[in-house]
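Here the structure comes first, spelled out in structure tokens, and everything after it is commentary.
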Amino acid sequence: MSSAAATAEYPKKHYLNATQGILSWLLTKDHKRIAILYLVSVSAFFMLGGLMAMLVRLELLTPAGDLLGPDSYNRAFTMHGVLMVFFFLLPVVPAILGNFVLPIMIGAKDLAFPKINLLSWYLYMAGGSFTLYAMAQGGVDTGWTFYAPFSTTYSNSYVMATAIGVFINGFSSILTGLNFIVTVHRMRAPGMTWFRLPLFIWANYATSLVMILGTPVVAIAIALIGLERVVGLGIFDPARGGDPVLFQHLFWFYSHPAVYIMVLPAMGVISELMATFSRKSVFGYRLVAFSSIAIAVLGFLVWGHHMFVSGQSVYTSVVFSVLTMLVAIPSAIKVFNWSTTMYEGSVSYDTPMLYALGFLGLFTIGGLTGVMLATLGFDIHVHDTYFVVAHFHYVMVGGTVMAYLGGLHYWWPKMFGRMYPVFWSKISAMLVFVGFNLTFFPQFIVGYLGMPRRYWQYPDEFQIWNVLSTAGASVLGVGFLLPSFYLLWSLKYGKVAGPNPWGAVGLEWTTPSPPPTENFESIPVVEGGPYDYATGEKIFVLKGKEAHVV
Amino acid sequence: MSDVAHPGLAHHFESYEQQRQSASLGMWVFLAQEIMFFGGMFLAYMVYRSRYPLAFIAGSHHLDIGLGAFNTAVLIGSSLTMALGVRAAQLGRRKAVVLFLILTLILGSIFLVVKYFEYSEKWDHHLIPGKHFHFEGEGKFAEVPQGPMQIFFSLYFAMTGFHALHMIVGVILILYMLRPAWQGKYTPENHNYVEGFGLYWHFVDIVWIFLFPLLYLIGRH
Amino acid sequence: MSGIPFFPYQASTVAGQVDALYFVWLAVSAVFSLLIAGMIVYFMVRFKRKSEDEHGREVHGNLMLEIAWSGIPLVICLAMFFWGTKVFFDVSRPPADAVEYFVTGKQWMWKIQHPSGAKEINDLHVPVGVPVKLTMTSEDVIHSFFLPSFRIKQDVLPGRYTSLWFEATRPGKYHIFCAEYCGAEHSRMGGSVYVMPKEEYEAWLSGGLAGKPPVVAGQELFSTMACSTCHMAGPASRGPELHGLFGSDVQLASGRTIKVDDAYLRESILTPTAKVVAGFEPLMPTYQGQLTEEQLNSLIAYIKSLPKLEGAAGQQAVAAPPATGGEG
Amino acid sequence: MSVHVSSVKTYTLIFLALMVLTAITVFVAYLDLGALNNVVMLTIAVAKATLVVLFFMHVAHATKLIKLVVVSSMFWLLLMFAFTMSDYLTRGWLGVAGK
Ligand code: HEA
Ligand code: HEA
Ligand code: CUA
Ligand SMILES: [Cu+2]
């Protein structure tokens with residue numbers, strides 16, 4: 001923390017106390033307040049999803065199915081996947097961090113469509129409610145992938161309610177993407193050219209493209225599943241000559257790009273963190289910016305890698321395999337660029353940076369195993385085993401969740417104007433890192449040994465690895481719980497942070513913390529790049545007043 | 001255009017031009033999303049039509065080409081009235097806006113009513129996919145298997161159903177716009193809403209422009 | 001099994017190839033992970049912030065470096081892609097002499113039929129050193145036949161055939177898993193594959209497992225199901241000649257030609273009118289719902305076994321199918 | 001910048017063109033052109049859609065960005081079609097069931 005913080009004062013009027021009362025929150029159009037609404041609700045869904053994960057891990061402690069019945073187990077991992085993917089990881093970075101800082105970063109007073117932004121949150125809550133209803137009724141047991149014909153004809157669980165939930169939630173995601181795209185195109189402050197945009201903006205822009213072009217396809221696919229179940233349409237029904245593999249195409253056409261919805265904004269966070277905590281601009285800014293777009297675009301052409309053993313044509317598999325390899329290259333570029341950003345930098349060990357460095361290591365492992373999975377001859381052995389489970393937790397938890405926590409710890413003082421206890425936050429970062437590896441590394445091994453995923457009981461020889469994994473999960477759980485305590489504590493008792501506790505550049509650090517409702521007294525004029533640490537010059541000019549940088 | 005005190009200017013925009021541009025980009029991005037939404041069904045159509053050509057021909061023969069063509073004309077007509085409505089708003093002609101919105105509303109409703117009769121005819125002939133489905137083919141279609149026939153009709157209902165749903169939403173939105181239109185709220189400076197809605201309505205028309213030949217006109221010779 | 005297991009047994013000809021892919025990838029991953037970790041740690045220490053208002057020295061990029069770290073992973077990936085694809089095709093293409101077994105998946109069991117007609121549930125006995133091809137289908141949802149020690153798996157779909165082949169190299173007992181989630185008992189839908197020396201396998205077969213070879217069963221069905229009334233070969237036949245049909249190209253009434261494979265035969269029997277043969281009326285009734293998956297397998301096996309006839313051979317050949325190996 | 005206002009005449013002409021194209025497409029459906037039937041049908045549908053997009057939806061006078069949105073979303077749709085159909089069209093090439 002820079003010394004600036006010590007003398008800072010808490011502003012009297014800011015977005016949190018601008019208006020009072022619960023309605024002023026529920027009807028707010030302020031992007032910052034909507035971000036807080038998301039923060040609360042997304043965290044709740046994460047806890048619920050985490051609870052399901054704990055059930056799964058506990059059941060798997062022993063080879064026999066002793067804690068849960070098979071039906072409960074299947075519901076537990078399905079609800080875990082559905083909640084975590086659709087209600088936690090997809091919205092977490094864009095809807096919380098993106099909503100909060102995106103407009104400020106580009107010098108705007110709000111997103112282009114504040115009402116639609118609020119509508120997004122309501123759709124999210126509506127979708128969530130349907131899913132919770134399904135859960136309360138007894139849950140769903142189709143897996144988060146809803147494969148037909150199991151989901152359409154054979155499952156006796158609350159598929160319809162969940163499908164409606166996911167469908168509605170999809171539109172929340174679409175509207176967020178729409179808002180971001182229009183905002184980035186139309187609301188940039190004067191002088192904020194495309195190549196002066198912080199990389200977080202580039203990443204969110206790329207994400208939004210995926211949200212717009214991909215989400216509707218999964219929406220219609222899930223809708224057709226629902227209609228097949230309820231009204232008896234027969235589009236995927238093999239008994240009537242339908243092809244269940246067609247559903248997989250439609251599902252993965254979205255759901256592969258969706259993994260980039262989950263990771264691109266996280267990558268944007270990492271770009272910001274590496275620059276701020278190395279006090280230096282990101283190595284190869286343009287390459288990183290273009291990589292985001294490349295990932296978003298190429299990411300649409302690889303979905304078939306989930307279907308190598310599905311009965312898809314072998315020739316199509318070959319095409320998807322090589323394209324998957326290609327999409328890994330921009331990610332590789334980014335990892336190297338981030339690492340070398342530290343070169344000749346001024347590297348601090350603040351909590352957000354610890355998370356960022358954790359991300360680099362874990363995402364590398366997750367990504368490399370992803371490329372392994374893309375290798376045809378290899379995937380036929382490990383497909384639908386714990387190897388895949390380990391891969392995606394490495395990228396999703398080790399990657400995105402780490403980045404999210406880093407971003408949260410980075411912007412927390414901006415959001416609430418107060419610092420959290422540094423010591424505890426570092427402890428939690430370490431616990432997460434250690435617990436995470438202990439949980440998921442053994443799954444690579446047990447996966448290669450042949451343990452299939454979605455197994456409620458398993459042969460004895462796999463037990464040792466499952467015990468390690470369950471042990472790790474409990475450490476991980478503690479690591480994730482800690483922040484909720486000290487962050488809440490800091491709201492009231494934390495040290496006042498001041499406008500720029502990290503000595504960072506970027507428009508959001510020129511506003512008071514917490515920022516006023518309108519963000520800026522007047523729209524700033526931007527005269528420099530996003531990470532001009534070295535020049536030490538003032539790069540933003542507010543009308544009449546100058547903002548300080550560094 | 002000056003940015004002081006424009007009647008329709010929202011607080012977070014700097015100028016009305018910025019707001020207008022945002023609205024139109026936003027609407028187009030929304031339509032991009034719609035294209036992909038219907039695209040999923042068109043893809044399913046493509047897969048099954050190439051797989052079961054005969055069933056698709058048989059199914060198509062069971063659709064009423066007259067009603068289909070009539071509805072196509074009605075929708076194109078409604079697109080015309082909608083376009084003229086937007087034009088009236090651009091020029092600030094209050095009564096013309098109202099008139100064209102009402103005409104569009106009427107045409108849209110006619111389309112839906114015709115659709116209703118088509119659907120109920122399918123119901124009477126047991127062509128609703130599901131347990132009671134039974135297709136009586138004649139002549140060269142006598143032997144077309146029931147499964148693929150069900151797939152044809154599933155696609156028919158899914159595609160026209162989601163299309164009709166969009167029409168219904170459109171009709172509701174017109175009803176919602178009538179009052180401000182009557183009050184003269186849509187002016188040369190402030191007609192984003194009508195214009196955005198127009199885009200939506202035309203898009204729905206385009207979907208039908210594809211649905212009509214793909215469903216009604218297969219193998220008619 | 002003793003000790004902590006790290007790798008599954010290598011019990012098929014392809015297992016070694018898949019493991020080789022794995023080990024090379026592991027090495028590549030280790031190198032890159034250590035490289036990244038090394039860089040991070042070194043930079044953290046070397047460029048640790050010394051004072052509060054210190055800032056970094058601007059380094060904007062380095063073209064050569066960036067080309068290197070895009071190019072090297074690209075080359076590695078492409079190399080692994082080609083290798084992986086080669087292995088994939090080896091695993092996908094059964095040798096011509098592979099012995100065909102039928103596998104039917106059903107919630108939650110595997111029904112397996114040997115070429116000799118022997119039937120088993122959840123267990124699969126195979127001779128060592130003989131290429132085996134499994135032709136698989138499902139009666140309900142999607143399952144997936146997974147043999148970890150052989151490093152192969154393939155989804156098993158309702159309404160369609162998929163296949164899998166292997167040549168076991170090491171006698172023993174190995175897991176069969178269902179790898180595609182299929183409902184409540186998914187994790188119990190498995191059993192064992194027993195790889196046995198040839199003589200033992202023969203002995204096991206003669207151990208009184210009832211069943212007719214599919215070709216024989218198929219031949220019987222062919223007459224009981226009245227197929228023979230139309231498909232009797234010769235000019236009077238109402239249906240097309242089935243001899244030598246498998247693997248040939250058939251001209252359809254729609255003008256298309258199609259290669260006859262398992263899927264086509266299946267479709268021709270279940271929904272004959274979906275693809276009508278040129279020059280024939282769509283007379284054939286549908287057999288959907290009248291045949292079990294096993295019966296269908298048998299019929300197809302029988303049709304596949306019919307050799308191409310030279311000249312106008314006629315009825316006899318249909319009546320007397322070629323003798324096929326394996327006793328019941 | 002002011003908004004482009006099209007004339008009533010333009011709209012009416014487009015409307016008439018659309019009606020004529022509809023009539024043609026129905027008429028052509030009754031002719032036996034073999035595979036050409038589909039080609040003609042789709043060409044007419046695309047032509048009609050293009051007219052609507054360009055004139056009723058004012059894309060002819062819109063900014064480059066909007067044109068880009070229109071073109072790229074169509075392109076995306078075609079990508080989805082092409083890659084999925086590549087599976088259906090090559091199934092069975094290898095001559096091994098399910099590969
Ligand atoms: C955040 C989510 C996320 C991300 C970012 C990724 C990223 C990648 N994924 Fe992953 N994936 C999932 C989430 C994600 N995945 C999920 C949820 C599933 C399972 C779904 C289910 O079935 O339930 C899955 C499944 C999955 C499969 C299917 C496996 C199977 O079911 O059989 C495949 C196969 O190709 C794959 C590949 C990849 C690849 C190549 C990348 C690449 O983008 C990774 C690129 C990154 C790097 C490569 C690392 C950095 C690079 C270097 C340090 C340089 C050195 C590099 C080389 C030498 C190559 N993933
Ligand atoms: C964002 C995505 C995400 C995240 C964060 C996680 C997090 C975790 N996941 Fe999850 N996982 C998926 C996405 C995710 N997972 C998906 C998509 C699947 C596939 C589902 C399918 O097959 O359909 C899956 C499947 C999956 C499986 C495989 C199940 C199977 O195939 O049978 C396992 C097994 O170990 C697992 C474990 C874990 C663990 C231990 C965590 C831990 O990181 C979680 C730790 C977090 C907590 C523990 C929360 C903290 C809170 C508490 C401990 C307190 C309790 C709560 C209250 C007081 C209210 N996950
Ligand atoms: Cu059968 Cu899983
Ligand atoms: Cu993927």
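The analysis underlying the following values was restricted to heavy atoms, covering all of them including side chains, and did not include hydrogens, waters or symmetry mates.
- If you run side chain to side chain contact (heavy atoms under 4.5 Å, CB included) between Ser192(C) and each of Asn122(C), Ile176(C), Leu124(C), Asp123(C), only Asp123(C) comes through.
- The list of side chain to side chain donor-acceptor pair (under 3.5 Å) pairs with a residue in residues 340-349 of chain A, not counting sequence neighbours, reads Glu344(A)-Arg57(C), Ser346(A)-Arg49(C), Ser346(A)-Glu54(C), Ser348(A)-Asp350(A).
- For Val18(C), the parts lying under 4.5 angstrom from a heavy atom of chain A are both the backbone and the side chain.
- In this structure, the portion of Ile464(A) lying under 4.5 Å from any heavy atom of chain C is its side chain and not its backbone.
- Contacts between Phe150(C) and chain A at a heavy-atom distance below 4.5 Å are absent for every atom of the residue.
- Not counting sequence neighbours, the partners of Glu185(C) by the side chain to side chain donor-acceptor pair (under 3.5 Å) test are Arg188(C).
- Under the 6.0 Å distance and 45° angle rule, Arg170(C) counts as a cation-pi partner of Tyr9(C).
- Salt-bridge check for Arg453(A) with Asp384(A): passed, with a basic side-chain N closer than 4.0 Å to an acidic carboxylate O.
- For Leu270(C), no part lies near chain A; criterion is any non-hydrogen pair under 4.5 Å.
- Looking at Ala148(A), only its backbone comes within 4.5 Å of chain C, counting heavy atoms on both sides.
- At a 4.5 Å heavy-atom cutoff, the contact between Phe177(C) and chain A is made by backbone and side-chain atoms alike.
- Of the two parts of Arg286(A), neither the backbone nor the side chain holds a non-hydrogen atom closer than 4.5 Å to a non-hydrogen atom of chain C.
- Highest contact tally toward chain A, considering only Cys182(C), Ser92(C), Ser163(C), is held by Cys182(C) [criterion: heavy-atom pairs under 4.5 Å].
- At a 4.5 Å heavy-atom cutoff, the contact between Thr276(A) and chain C is made by backbone atoms alone.
- Heavy atoms of Asn337(A) lying under 4.5 Å from chain C belong to its backbone as well as its side chain.
- Of the two parts of Tyr147(A), only the side chain, counted from C-beta on, holds a non-hydrogen atom closer than 4.5 Å to a non-hydrogen atom of chain C.
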